[in-house]
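Heads up, the thing below is written out as structure tokens.
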Amino acid sequence: QKEVEQDPGPLSVPEGAIVSLNCTYSNSAFQYFMWYRQYSRKGPELLMYTYSSGNKEDGRFTAQVDKSSKYISLFIRDSQPSDSATYLCAMSGNYGQNFVFGPGTRLSVLP
Amino acid sequence: NAGVTQTPKFRILKIGQSMTLQCAQDMNHNYMYWYRQDPGMGLKLIYYSVGAGITDKGEVPNGYNVSRSTTEDFPLRLELAAPSQTSVYFCASSYPDRGPNTGELFFGEGSRLTVL
């Protein structure tokens, strides 16, 4: 079993749709959870950051962490073509170190 | 503010050749990392450094070497290139105790390497 699993997609949705992206993990020591967005031929950039369980909202983006189920989610409301990118989940058990990345989900938002 | 700068952006190598990927950051970050990204495999950590003069192996260090003589620079050396090293390489930096998103990684734009 891989340490972090993520559906690679591709996922295609119409503009304005609600998008749900998910990762599952096996290491119960993970406490820091992140979502990175990566545009084609660019480096990843941090989108959302969550510590331990719970929800965090930032504009159209909501990150959820369920440590009991070892499951994290990223929701995108009112999706836009500019949201088309690959979304990588990442997690760590150490303070700011030793990140483990999921393989990424490629999202296309169609106008 | 340049952030993390990687050179070269593209390179083709022949089997057995050697080369160095350059990485520089201007954010005064103490942590620096090298990752490789292969299709469907996510980012795999090659080497990392917690400060000048200190380096350590990541998940996939074989075939690579690093050095960290200054805070700003963290070059990655490929010795005796093999086709299995064909990948996109990303350098990243962070400052774990600074800012609201502790441990946030700042990535360069990547170096695409093909070994033929």
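Here the structure is a predicted model, which is why all the values come from computation and not from measurement. Every chain is numbered from 1 and lettered A, B, ... according to where its sequence line falls, protein lines coming before strand lines.
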Nearest heavy-atom pair of Phe10(B) and Arg41(A): which atoms, and what distance? CE2-NH1, 3.9 Å
When Cys91(B), Ala92(B), Gly110(B), Gly42(B) are compared by non-hydrogen pairs under 4.5 Å with chain A, the top option: Gly42(B)
In terms of hydrophobic clusters joined by side-chain contacts under 4.5 Å, are Val115(B) and Ile46(B) together? yes
Are Leu88(A) and Tyr32(A) connected in the hydrophobic side-chain network, where two residues link if heavy atoms are under 4.5 Å apart? yes
Within a reach of under 6.0 Å around CD1 of Ile15(B), are more than 12 heavy atoms found that belong to other residues, nucleotides or ligands? yes
Residues from residues 102-111 of chain A approaching chain B under 4.5 Å (heavy atoms): Gly102(A), Pro103(A)
Residue part contacting chain B, namely of Gln6(A), when any heavy atom lies under 4.5 Å: neither
Could you tell me whether the side chain of Phe101(A) reaches within less than 4.5 Å of the side chain of Leu105(B), counting heavy atoms only? yes
Which of the residues Lys44(B), Met41(B), Gln37(B), Gln6(B) is involved in the greatest number of heavy-atom pairs with chain A at under 4.5 angstrom? Gln37(B)
Could you give the distance from CZ (Phe106(B)) to CD (Glu45(A)), rounded to the nearest 0.5 Å? 10.5 Å
Kindly indicate whether the side chain of Tyr35(B), heavy atoms from C-beta on, has any atom under 4.5 Å from the side chain of Phe99(A). yes
Counting only non-hydrogen atoms closer than 4.5 Å, does Tyr36(A) touch chain B with its backbone (N, CA, C, O), its side chain (CB onward), both, or neither? side chain
Please flag which part of Leu45(B) lies under 4.5 Å from any non-hydrogen atom of chain A: side chain, backbone, both or neither. neither
Group every Ile, Leu, Val, Met, Phe, Trp and Tyr by side-chain heavy-atom contacts under 4.5 Å, then state whether Ile76(A) and Leu47(A) land in the same group. yes
Check the surroundings of atom NZ in Lys42(A): do more than 12 heavy atoms from other residues, nucleotides or ligands lie under 6.0 Å from it? no
Kindly work out whether a path of hydrophobic side-chain contacts (I/L/V/M/F/W/Y, heavy atoms less than 4.5 Å apart) joins Tyr48(B) to Leu78(B). no
Toward chain A, the part of Glu59(B) with a non-hydrogen atom under 4.5 Å: neither
Same apolar cluster (I L V M F W Y, side chains within < 4.5 Å links), Val60(B)/Val4(A): no
Heavy-atom closest contact (Phe90(B) atom, Gln38(A) atom, distance): CZ-NE2, 3.3 Å
